[in-house]
Amino acid sequence: MDSSWLETRWARPFHLAFVFCLALGLLQAIKLYLRRQRLLRDLRGFPGPSTHWFYGHQKLLQGGKLEKFEELVEKYPCAFPFWVGPFQAFFYIYDPDYAKTFLSRTDPKSKYLCKLLVPCLGEGLLNLNGPKWFQHRRLITPVFNFNILRSYIEVMAHSVNVMLGKWEKICGTQDTVVEVFGHIRLMTLDTLMKCTFSQETNCQINSTDDHYVKAMSEASKINFSHLYGFLLHHDIIFKFSPDGHRLQELSKILHQYADQIIQDRKNSLKDEKKQCNTQKKYQDFLDIVLSAQGENGDSFSDTDLRSEVNTFLVAGQDTMGGSISWLLYHLAQNPEHQERCREEIRSILGDGSSITWDQLGEMSYTTMCIKESLRLIPTALSVSRELSKPITFPDGHSLPAGITVVLSIWGLHRNPAIWENPKVFDPLRFSQENANQRHSHSFLPFSAGPRNCIGQHFAMIKLKVAIALILLRFKLTPDPTRPLSLLPQSTTDLH
């Protein structure tokens, strides 16, 4: 048989495959080129920092450094385009008028940003859109009824006192350096487990849940690097990268933890039915979502249930733990404000043997300090949406549908056009007189509009309880040997 005939016979399919792949690659290249040209056209009306043709602005936030971002906020007072690589651009805004226009709409969450959260959280309130998000929001809102929140105060105080007992054993009668963040994270997890899932884990004492906290922290770091590392934006590339493999392992830990919570509650409910136990004083998160699942089984699946449990665990623990830690840091750095808070709390609580709902409302100066801490370090750095229709801002500038808009709460809260000396810790910014003179959308620690944070009242109550009990028993000072480094690594974006 003629060898040339064989070569021709076998070579032809390879030639065809090569031409086909080349054509696909060419089409993809054309598609990306047109996408870049469209973005350049849509964003040309907004000045911004010079961009590298390949990296975009990625190096501006490399390593999580936000000081450079603050410089851009000062230079471009309302907004600027931010390129992540050559084919993806976000439009950052941090002006209160822009924020008000943006948050008054019902644009969906950005698909690109939401997909980063799916491996860890599933699809819950944090990243759902449309009718399904509305259904979940409506079903879960009763969890944060004020009557239920009242009943949580005693539970919160107990969790804080367990942590303070640990600190007293560590410190003894002498001043001692304590790395508080790890303790606070376990305390907030303990609080969430008790309040939202009615589970006593003793995680602060035996640290059996420490692996969960560490897994959540590591997943947060990976997601942040994924967000601003444009070479990992393609799902297949990220999936087979070392970070992608590690995120899959961490997601399994998070999901197993949530599954165990759900299974324990279902077993508990079965035992209660058998023993005809009396009903609890209040319905917690799991009571309400399990009841919703029973009534809406077809539209609220086991996967939905696990996603919402994951969302509340990760979002609640991440935001509360960080906010309490930063509040302690700011008060340690500003002893005059710390002492004024302590005096106020002593005048209200006495020895702190108990704390009530009404007493929390009397802590006016402490509340101002909490708000100022949330201004400097908000619970989430940003809120993102993908425009479903064109938007026109109050100054006449507009954007077409399809653009991903990111409201930088960090930039808004540090915008010198709004806040005088924005880096200075000054609680009096939130006196009634000063607050009344400020734009309604200049301070958004929990976002605003229809998708504001569903747990904001829970978070504020927890912050007040924690800081009140801590200041009654401890004086806070910063450790001069360990300079602070801010590393934004949250998995969360507000609801």
Side-chain angles (χ1 to χ4, degrees), residues 143-168 180 183-184 187-188 190-196 198 204 280-284 316 319-332 334-375 379 425 427-435 443 445-446 453-476:
V143 174
F144 298 101
N145 177 282
F146 279 108
N147 290 327
I148 293 178
L149 292 178
R150 283 174 183 266
S151 63
Y152 289 160
I153 293 177
E154 185 177 346
V155 178
M156 291 177 177
H158 180 266
S159 292
V160 174
N161 282 325
V162 170
M163 180 184 71
L164 298 182
K166 289 167 60 181
W167 290 1
E168 287 177 341
V180 300
H183 294 274
I184 290 172
M187 182 270 291
T188 54
D190 186 31
T191 301
L192 282 169
M193 294 298 291
K194 290 175 181 175
C195 291
T196 55
S198 299
Q204 295 194 75
K280 293 190 300 184
K281 291 181 181 179
Y282 62 87
Q283 285 191 310
D284 64 19
T319 56
M320 281 202 305
S323 295
I324 293 171
S325 300
W326 278 110
L327 175 59
L328 296 185
Y329 170 78
H330 289 134
L331 291 178
N334 298 273
E336 69 280 11
H337 297 301
Q338 179 187 158
E339 189 55 36
R340 187 167 173 181
C341 286
R342 186 178 287 108
E343 290 173 359
E344 178 183 70
I345 292 164
R346 279 179 179 159
S347 70
I348 297 169
L349 300 183
D351 60 1
S353 57
S354 65
I355 186 167
T356 66
W357 175 273
D358 292 335
Q359 286 173 329
L360 295 180
E362 298 174 28
M363 300 178 187
S364 58
Y365 194 79
T366 303
T367 301
M368 287 193 287
C369 287
I370 291 172
K371 289 182 177 180
E372 177 66 348
S373 182
L374 290 174
R375 181 189 70 81
T379 54
F425 184 83
L428 292 178
R429 300 179 200 271
F430 294 95
S431 67
Q432 194 63 50
E433 180 183 359
N434 289 333
F443 178 62
F446 302 104
C453 179
I454 195 173
Q456 58 183 295
H457 298 299
F458 180 92
M460 284 298 293
I461 291 168
K462 179 61 183 177
L463 280 162
K464 291 181 183 181
V465 170
I467 198 60
L469 296 179
I470 290 171
L471 291 184
L472 284 178
R473 291 165 70 173
F474 287 92
K475 182 178 180 181
L476 311 169

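No experiment lies behind these values; they were computed from the predicted model shown.
If you take CE on Met156 and NZ on Lys194, they are separated by 11.5 Å, rounding to the nearest 0.5 Å. From Trp326, atom CH2 reaches atom CG of Leu331 across 13.0 Å, with rounding to the nearest 0.5 Å. In this structure, CZ on Phe144 lies 10.0 Å from CD on Gln456, to the nearest 0.5 angstrom. To the nearest 0.5 Å, atom OG1 of residue Thr188 and atom CD1 of residue Ile184 are 8.5 Å apart. A distance of 4.0 Å separates CE in Met163 from CD1 in Ile470, rounded to the nearest 0.5 Å. Separating the CG atom in Leu349 from the CG atom in Leu471 is a distance of 10.5 Å, to the nearest 0.5 Å.
Contact detail for Ala468 and Ile345: the closest heavy-atom pair is CA-CD1, 3.5 Å. Between Ala459 and Phe446, the closest heavy-atom pair is CB-CE2, 4.0 Å. Between Leu374 and Pro445, the shortest heavy-atom distance links the atoms CB-CB, 4.0 Å. Ile355 approaches Ala157 most closely through the heavy-atom pair CG2-CB, 3.9 Å.
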Exercise for review: Decide side chain to side chain contact (heavy atoms under 4.5 Å, CB included) for Thr191 and Val160; before the verdict, give the C-alpha distance in whole Å, the side-chain angles of both, and the deciding distance to 0.1 Å.
Suggested key: CA-CA 8 Å; Thr191 301; Val160 174; 5.6 Å; no
**Study point:** Audit row: Ile148, Val143, side chain to side chain contact (heavy atoms under 4.5 Å, CB included) steps and yes/no
**Key:** CA-CA 7 Å; Ile148 293 178; Val143 174; 5.7 Å; no
Point to revise | Phe474 vs Glu168, side chain to side chain contact (heavy atoms under 4.5 Å, CB included): CA-CA, chis, key distance, verdict | key: CA-CA 9 Å; Phe474 287 92; Glu168 287 177 341; 3.6 Å; yes
Exercise for review: Report the C-alpha distance between Trp357 and Ile461 in whole Å, list the side-chain angles of each, state the deciding distance to 0.1 Å, and finish with yes or no for side chain to side chain contact (heavy atoms under 4.5 Å, CB included).
Suggested key: CA-CA 9 Å; Trp357 175 273; Ile461 291 168; 3.5 Å; yes
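Glu372 places no side-chain N or O within 3.5 Å of a backbone atom of Arg429 that could act as its donor or acceptor partner. Remark: side-chain polar atoms of Gln338 are paired, donor with acceptor, to backbone N or O of Leu476 under 3.5 angstrom.
Here the side chains of Thr356 and Ile153 are not in contact, with every heavy-atom distance at 4.5 Å or above. Between Leu472 and Asp351, the closest side-chain pair of non-hydrogen atoms is not below 4.5 Å. The closest side-chain heavy-atom distance from Met187 to Lys462 is below 4.5 Å. Cys453 has its side chain out of reach of Thr379: every pair of non-hydrogen atoms, C-beta onward, lies at least 4.5 Å apart. Considering only heavy atoms from C-beta on, Leu360 comes within 4.5 Å of Val465 through its side chain.
Under the rule for a side chain to side chain donor-acceptor pair (under 3.5 Å), the partners of Ser373 that lie at least two apart in sequence or sit in another chain are His330. The salt bridge (charged side-chain N to carboxylate O under 4.0 Å, His left out) test applied to Glu339 returns Arg342, not counting sequence neighbours. With sequence neighbours left out, Asp358 forms a side chain to side chain donor-acceptor pair (under 3.5 Å) with no residue at all. Judged as a side-chain contact (heavy atoms from CB on, under 4.5 Å), and not counting sequence neighbours, the contacts of Thr196 are Leu192, Phe285. Residues passing the side chain to side chain donor-acceptor pair (under 3.5 Å) test with Arg346: none are found, sequence neighbours excluded. Shown here are the ring pair (Phe, Tyr, Trp, His ring centres under 6.0 Å) partners of His158, two or more places apart in sequence or in another chain: there are none. Residues meeting the ring pair (Phe, Tyr, Trp, His ring centres under 6.0 Å) test with Phe443, sequence neighbours left out: His413, Phe430. Scored by the side-chain contact (heavy atoms from CB on, under 4.5 Å) test, Ala435 finds Arg438 as partners (sequence neighbours excluded). Considering only residues two or more places apart in sequence or on other chains, Arg150 meets the salt bridge (charged side-chain N to carboxylate O under 4.0 Å, His left out) condition with none of them. In this view, Gln432 and Asn436 satisfy the side-chain contact (heavy atoms from CB on, under 4.5 Å) rule, not counting sequence neighbours. In this structure Asn161 satisfies the side chain to side chain donor-acceptor pair (under 3.5 Å) test together with Arg473, sequence neighbours excluded.
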Tell me which donor-acceptor pairs under 3.5 Å the side chains of residues 361-370 have, and how far apart each pair is, sequence neighbours excluded?
residue : atom : partner : partner atom : Å
Ser364  : OG   : Glu344  : OE2          : 3.2
Tyr365  : OH   : His337  : ND1          : 2.6
Thr366  : OG1  : Glu344  : OE1          : 2.7
Thr367  : OG1  : Met363  : O            : 2.6

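Taking a 6.0 Å sphere around CD of Glu336, one finds it holds more than 12 heavy atoms contributed by other residues, nucleotides or ligands.
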